[in-house]
Amino acid sequence: QVQLVESGGGLVQPGGSLRLSCAASGSIFSINYMAWYRQAPGKQRELVAGITSDSTTTYPDSVKGRFTISRDNAKNPVYLQMNSLKPEDTAVYYCFARTTNFRAYWGQGTQVTVSS
């Protein structure tokens with residue numbers, strides 16, 4: 001079992017920066033992939049950043065060059081550094097983890113609002 005808790009969300013002005021954190025607990029050594037997803041009202045949940053056990057990262061074009069996923073060690077904690085934020089980045093951001101036995105875990109989400 002893995003528990004994920006996001007933090008760091010809040011209100012930020014366009015062009016500003018924010019860093020989200022994801023703290024994992026439980027069987028964290030079974031995690032082989034972690035990611036950040038977001039979901040805005042009326043939109044589907046989408047991947048914004050992923051990182052594999054060998055530190056390969058993945059970003060969609062919408063955030064590439066602005067967002068960076070990182071971690072303090074191989075598993076925990078995981079961060080999402082968000083720069084040059086835009087109003088369209090407003091969403092609930094979720095931490096995600098996948099384990100070696102193919103289980104998927106989600107955090108509770110943290111709200112990010114980009115507004116002047």
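Values in this document were obtained by computation on a predicted structure and should not be read as measured data.
Among Thr90, Leu20, Asp89, Leu80, the single residue meeting the side chain to side chain contact (heavy atoms under 4.5 Å, CB included) criterion with Val112 is Leu20. Checked options Arg66, Gln81, Met82; the residue passing with Ser17 is Gln81 (criterion: side chain to side chain contact (heavy atoms under 4.5 Å, CB included)).
Closest approach of Val78 to Met34, counting heavy atoms only: CG2-SD, 3.3 Å.
Ion pairing between Lys64 and Asp61 holds under the 4.0 Å rule for side-chain N and carboxylate O.
With contacts defined as side-chain heavy-atom distances shorter than 4.5 Å, the pair Thr56/Ile51 does not qualify.
At a threshold of 4.5 Å between side-chain heavy atoms, the hydrophobic network of Ile, Leu, Val, Met, Phe, Trp and Tyr places Leu18 and Ile69 in one connected group.
Using a distance-only test at 3.5 Å, with no hydrogens or angles considered, no donor-acceptor pair links the side chain of Gln39 to the main chain of Val92. With hydrogens and angles disregarded, no donor-acceptor distance shorter than 3.5 Å links the side chain of Gln1 to the backbone of Gly26. A donor-acceptor distance shorter than 3.5 angstrom exists from the side chain of Glu6 to the backbone of Gln108, with no hydrogens or angles considered.
Two rings, from Trp106 and Tyr37, have their centers less than 6.0 Å apart.
Environment of CZ in Arg103: sparse, with no more than 12 heavy atoms of neighbouring residues, nucleotides or ligands closer than 6.0 Å.
Taking the centre and axis of the six-membered ring of Tyr93, the NZ or CZ atom of Arg38 falls outside the cone set by 45° and 6.0 Å. Under a cutoff of 6.0 Å and an axis angle of 45°, Arg98 and Tyr105 do not form a cation-pi pair.
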